[in-house]
Protein chains: 2
Amino acid sequence: MKSVTLKDVAKAAGVSYATVSRALSGSNQIGKDTRERIVRLCDEMGYTGNYVARSMVRKKTDLIGLVVPAIENEFMSQLAYYAEMSARSRGYNIMLCDSEPDLRQEEKVVKLLLGRMVDGILIVPQSPATYEKLGSYLDQIPMVFLSENLRDQPQSYVSVDNSRGTYLGMEHLYSLGHRNILYFGRRDSTTHQLRAEGYLQACRKFGLEPRFCNSDFPRSSIENGYHLARELFSKPVDYTAIFASTDSNALGIMKAADEIGLRIPEDISLIGFDDIPSAALPRIDLTTIQQPKKGMAVQAVEMLLDKIENGTQGYIHQILLPALVQRGTCRQVR
Amino acid sequence: MKSVTLKDVAKAAGVSYATVSRALSGSNQIGKDTRERIVRLCDEMGYTGNYVARSMVRKKTDLIGLVVPAIENEFMSQLAYYAEMSARSRGYNIMLCDSEPDLRQEEKVVKLLLGRMVDGILIVPQSPATYEKLGSYLDQIPMVFLSENLRDQPQSYVSVDNSRGTYLGMEHLYSLGHRNILYFGRRDSTTHQLRAEGYLQACRKFGLEPRFCNSDFPRSSIENGYHLARELFSKPVDYTAIFASTDSNALGIMKAADEIGLRIPEDISLIGFDDIPSAALPRIDLTTIQQPKKGMAVQAVEMLLDKIENGTQGYIHQILLPALVQRGTCRQVR
DNA sequence: TGAAGAAACGTAAACGTTTGCAGGCCCTTT
DNA sequence: AAAGGGCCTGCAAACGTTTACGTTTCTTCA
């Protein structure tokens, strides 16, 4: 278990350990043949280097903290995937922290990351309140918010144009002849407010009557969508399409509709938001608005690394564009 | 950005920094009132502690490396989720490393973790070959393998009884009257060999004729399953049920069947393996064999922490039991 | 009252690196 | 041949903790 250190290698090579360090760090302050000899020796001796000691003196860990609410969630795991890839290609590793189940945990996790000396934090906030909670840490460490739109807060974040997304979907439904479209879902967080705004804009533009079915669940899941939809469908269905604020909700609606024999898309059209992998599954085949997950993750990492490496001070709000993904749950109204 | 150190606090408190350290570490070598005073002061000054320095002297990082092939994969992200929860409850953090795309990367990642001084490694190996590759590192750091069955290798792992899983499924199909069951999928890795073995055992027991449709794709995905199934269905369908070696494959089969108008479960029964979240989705509703993901992750973490904290030397092969999850894709044969 | 022992706190070494500074050698130049 | 200048390499400090050991003060009991 005893690992080999710089000193061991130095002794074996008959040089000082500073020389070994230089040989490995790619410094130009060293002779070519000496370097080669040392590098070879390190290999043979199985020297791996000690990142902790290194971090100690360089005050840099090449580690970035990724804080997400529930990695098991499809959307989060995709973000994590792309963030990890992109960070690794730049020489950084990811420390994964789940911020479940509540805001207190989220704050705890951020505090912990501070002590761990990660170089920066990438965080998918649980709610707008996160921002308040984290206010005091913001100047202690580079931080980039991901996915949630923080509106005009003076902090960097990358998000998607949520209202435009809903608008795109509405446009699509309108072009299919739908004139009575129900908006289904949460309206609490900024993200969801914006999505609802896009809906309202579209209604105004196309001269439609806005109709809402509000969820007050703090998290949108299939189950929550299902229960709300059961309730919804117990009343007369006098609309031809439903815009679900998330794919999860859409799946819940689909389940409820299937159960009561309401056919999608024959009887009613359905469109979601997010484009989680499940939406592309056979039989599900959900028409939806795509969040550019890879782009978001990559951009957020770029932003964070820019702050870390160049000490960039100001902040950027990067809003990516969503896209309509046409699948099988929307149909021309008869 | 300058963070406050032990020394700063010590100066402010008028004590030596050893005293501050003791006040925080819960040592009993310190007076009650002094401790309280110092703890309060740390709070006020915003002292977070420096985990790197701490790790340096304690030779312990309270960090465990989690190596998975592609976290975006549903199964992996669930494992990661439970592993993170369970590790955190024991005071450890997770360093997430994707071992994509090949074995070389996997080895690179493990090497990197060694240098990072994680206390242990939890790894979901890409293939049995991983074990060979990693042989030389095994005695340098506690390591536990997860999910893949390494048979009788002298290393700790937690896996699921794969052959029993298939057997359970076969039993179910048999009880529904199926006498002609096709096994569909990979047979390369140990895991998949064992699943196929369970199939063969059941065939022997029930007096059935084994029939295979082999995939030589190195990874089972919906797409791969779909393409293979298209090919399969171009020939006459003279079996009443398909046992897919993974849920992903089953979903591919489902897609292909839907396309050619082969009805599931009316015309043919389908059963998968893994119980990924997608299997429970409305419309999919796949009957499958469940891997106890939470149990696996939790056990693996326990095992690893036991090695780390108690220096437990030997190795354990823990094989958990799978369970049949009855949903809607299997039906009594007419 | 005095000595022994415990409790509280300070001192300093150690962990394994990186890096500024200084010194030594050799080569070039005048 | 002497001086100057590069190129290598070594020395030692520094990073922020923990902890063994030593010292001082306080308690306690004979």
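Lettering follows sequence order; numbering is per chain, from 1. Both backbone and side-chain heavy atoms feed into the values below; hydrogens, waters and symmetry mates do not.
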- prompt: With a cut-off of 6.0 Å (strictly less than), are more than 12 heavy atoms of other residues, nucleotides or ligands near NZ of A:Lys60?
  reply: yes

message: Taking the nucleotide of DNA chain C with the nearest heavy atom to each, does A:Val57 or B:Asp33 sit closer to the 5' end?
response: B:Asp33

- prompt: If you look at every strand shown and take non-hydrogen atoms under 4.0 Å, does A:Val15 touch a base, only sugar-phosphate, or nothing?
  reply: sugar-phosphate

- prompt: Just checking, any donor-acceptor pair under 3.5 angstrom between side chains of B:Thr19 and B:Ser16?
  reply: yes

task: Whole angstrom is fine here: how far is it from CG in A:Asp8 over to P in C:dG16?
output: 9 Å

- prompt: Rounded to the Å, how far apart are B:Tyr17 OH and C:dC9 P?
  reply: 17 Å

message: Does C:dT18 have its OP1 or OP2 closer than 4.0 Å to a side-chain nitrogen or oxygen of A:Arg54?
response: yes

task: Return the value, rounded to whole Å, for the distance between atom CG of A:Leu24 and atom P of C:dT17.
output: 9 Å

- prompt: Under 4.0 Å: is that the gap between some side-chain N or O of A:Thr19 and OP1 or OP2 of D:dG10?
  reply: yes

- request: Please determine, for the side chain of A:Ser21, which listed nucleotide (D:dT17, C:dC15, C:dT19) has the closest atom?
  value: C:dT19

query: Mapping B:Ala53 and B:Ala18 to their closest nucleotides on DNA chain D, which lands nearer the 5' end?
result: B:Ala53

task: Work out which heavy atom in A:Ser55 is nearest to a heavy atom in A:Met117; give both atom names and the distance.
output: O-CE, 4.5 Å

- prompt: Rounded to the nearest Å, what distance is computed from the CZ atom of residue B:Arg22 to the P atom of nucleotide D:dT19?
  reply: 10 Å

query: So what does A:Ser25 hit on the nucleic acid, given a heavy-atom distance under 4.0 Å: a base, only sugar-phosphate, or nothing?
result: nothing

field: Nearest-angstrom distance from the residue atom NZ of B:Lys60 to P of D:dT18
entry: 14 Å

- request: Please figure out whether A:Ile30 or B:Met56 has its closest DNA chain D nucleotide nearer the 5' end.
  value: A:Ile30

query: Hey, does the side chain of B:Ser55 come within less than 4.0 Å of D:dT17's phosphate (OP1/OP2), counting only N and O?
result: no

- prompt: Would you say A:Lys59 reaches D:dG16's phosphate, i.e. side-chain N/O to OP1/OP2 under 4.0 Å?
  reply: yes

- prompt: In whole angstrom, what separates A:Leu6's CG from C:dC15's P?
  reply: 13 Å

query: Between A:Thr190 and A:Asn149, does any side-chain donor sit less than 3.5 Å from a side-chain acceptor?
result: no

field: Separation of D:dT9 C1' from A:Lys11 NZ (nearest whole Å)
entry: 19 Å

- prompt: For the pair made of CZ in B:Arg37 and P in C:dA8, what is the distance, rounded to whole Å?
  reply: 14 Å

task: Could you tell me which non-hydrogen atom of B:Ile38 sits nearest to which non-hydrogen atom of B:Ala13, and how far apart they are?
output: CG1-CB, 4.5 Å

